[in-house]
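Structure first, commentary second.
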Amino acid sequence: MLSFEKKKELSENGFILLKDFYDLAEEIEPIQFGIWQIIGVLLKKYKCPVQQKDFTPDTFDDGYLDLIKKDRKYGGEVYDAVKQIPAFLRLVSAKKNEALFFEMRNTNCAGIAGRGYGVRIDNPNEQNYRSLWHYEYRDQLRSVDGVVFWTPLVPVTSKLGPVQVCPKSHLGPLRRSYIYDAKNQDKSGAYAMRLENEQQLIKKYGIVAPLSEPGDLIIMDFLTLHSSGDNIANRARWSMQFRLFNFLDPAGQKINWTGGVADGVSLSSVHPELVIDNSKNMEEKC
Ligand SMILES: O=C(O)CCC(=O)C(=O)O
Ligand SMILES: [Fe+2]
């Protein structure tokens with residue numbers, strides 16, 4: 001499944017892009033169709049005066065922006081609903097993901113991080129739910145030996161704000177984070193954490209922002225620094241994420257494969273050494 005070159009690229013750069021990994025008709029379109037159905041239900045429920053177009057894979061989200069224009073909270077309902085679409089859960093637990101993970105990590109025993117899968121909907125010009133610079137292990141825990149699967153449902157152009165990655169940053173140590181972000185007081189949980197020396201790290205490694213299309217798969221090492229791009233287009237950026245980790249890795253066994261913030265586990269309870277508590281010092285620089 002994975003060429004020698006791609007495997008090398010992943011271990012050297014901490015991320016790879018696999019073109020056309022998923023079958024559009026078999027694996028992606030059923031998810032797009034499920035999203036289209038949910039949008040249709042909510043357009044009717046909330047009496048939005050728009051005529052939703054018939055389903056096509058390219059326009060599956062038709063009506064979504066009208067829905068959130070009427071009330072932004074309807075977007076939250078879509079967000080919670082779409083991760084429960086059977087076709088999405090079939091993709092998350094697809095055999096080919098497991099097989100790819102086995103090849104990437106030289107293991108035969110993989111876990112899917114619980115509460116670590118979902119469909120991101122990054123609305124145009126919205127800042128609140130952007131993921132700031134982080135590495136996945138900090139927020140998901142489970143095991144340092146893990147990867148993020150990131151795959152889009154729409155063509156991700158530079159305007160749509162592709163995920164931003166710091167190449168080779170996975171080769172560094174586990175980074176520390178501030179648990180309170182004085183500049184983003186409306187954020188909570190993982191959204192409120194800020195990496196120590198964030199700007200220096202970005203400068204040191206540089207940023208790449210791979211463009212991708214439905215069917216493509218971006219893999220990121222659990223230690224690779226990455227963040228959301230800025231969606232300045234006039235369409236929501238729909239993308240899917242799930243995380244696999246290696247049960248055979250001793251470091252994961254040591255922390256009992258515990259989950260992260262989404263499981264209500266604080267980073268400080270598992271890795272106090274990675275946390276800088278600046279909640280008492282609002283002025284401290286990130
Ligand atoms: O796509 C994004 O905006 C951020 C994605 C991310 O942090 C992840 O997939 O782990
Ligand atoms: Fe992430």
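Every number for a ligand or one of its atoms is a count from 1 in the order of the listing.
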Open item on the list: Regarding Arg243 and Glu136, does a basic nitrogen lie under 4.0 Å from an acidic carboxylate oxygen?
Closed with: yes
Task: Atoms in ligand 1 flagged as close to Arg237, the criterion being non-hydrogen separation under 4.0 Å - done: 1 (O), 2 (C), 3 (O)
Task: Electrostatic pair Arg90:Glu27 at N-O distance under 4.0 angstrom - done: no
Task: Nearest-contact summary for atom 4 (C) of ligand 1 - protein heavy atom, Å - done: Ser228 OG, 3.6 Å
Task: Residue Trp150 vicinity, atoms of ligand 1 by number, heavy atom under 4.0 Å - done: 1 (O), 2 (C), 5 (C), 9 (O)
TODO: For the pair Glu77 and Lys73, find out whether any cationic side-chain nitrogen is under 4.0 Å from an anionic carboxylate oxygen.
DONE: no
Task: Distance in Å, Leu201 CG paired with Ser169 OG, rounded so as to fall on 0.5 Å steps - done: 8.0 Å
Open item on the list: For atom 8 (C) of ligand 1, what's the nearest protein heavy-atom neighbour? Residue, atom name and distance, please.
Closed with: Arg243 NH2, 3.3 Å
Open item on the list: I'd like to know if Glu273 pairs up with Arg176 as an ion pair, taking the criterion as any Lys NZ or Arg NE/NH1/NH2 lying under 4.0 Å from an Asp or Glu carboxylate oxygen.
Closed with: no
Open item on the list: So does Lys53 get a backbone contact from the side chain of Trp36, meaning a donor-acceptor N/O pair under 3.5 Å?
Closed with: yes
Task: Non-neighbouring partners of Lys204 that pass side chain to side chain contact (heavy atoms under 4.5 Å, CB included), sequence neighbours left out - done: none
TODO: Check all N, O or S atoms of Glu136 and name the one closest to the Fe ion (ligand 2).
DONE: OE1
Task: Atoms of ligand 1 close to His134 [distance to a heavy atom under 4.0 angstrom, numbered from 1] - done: 7 (O)
Task: Nitrogen or oxygen of His226 less than 3.5 angstrom from that of ligand 1 - done: yes
Task: Close N or O approach (Ser239, ligand 1; < 3.5 Å) - done: no
TODO: Tell me which part of Glu136 gets within contact of ligand 1: side chain, backbone, both or neither, using heavy atoms under 4.0 Å.
DONE: side chain
Task: Apex the Fe ion (ligand 2) - arms NE2 from His226 and NE2 from His134 - angle rounded to 10° - done: 90°
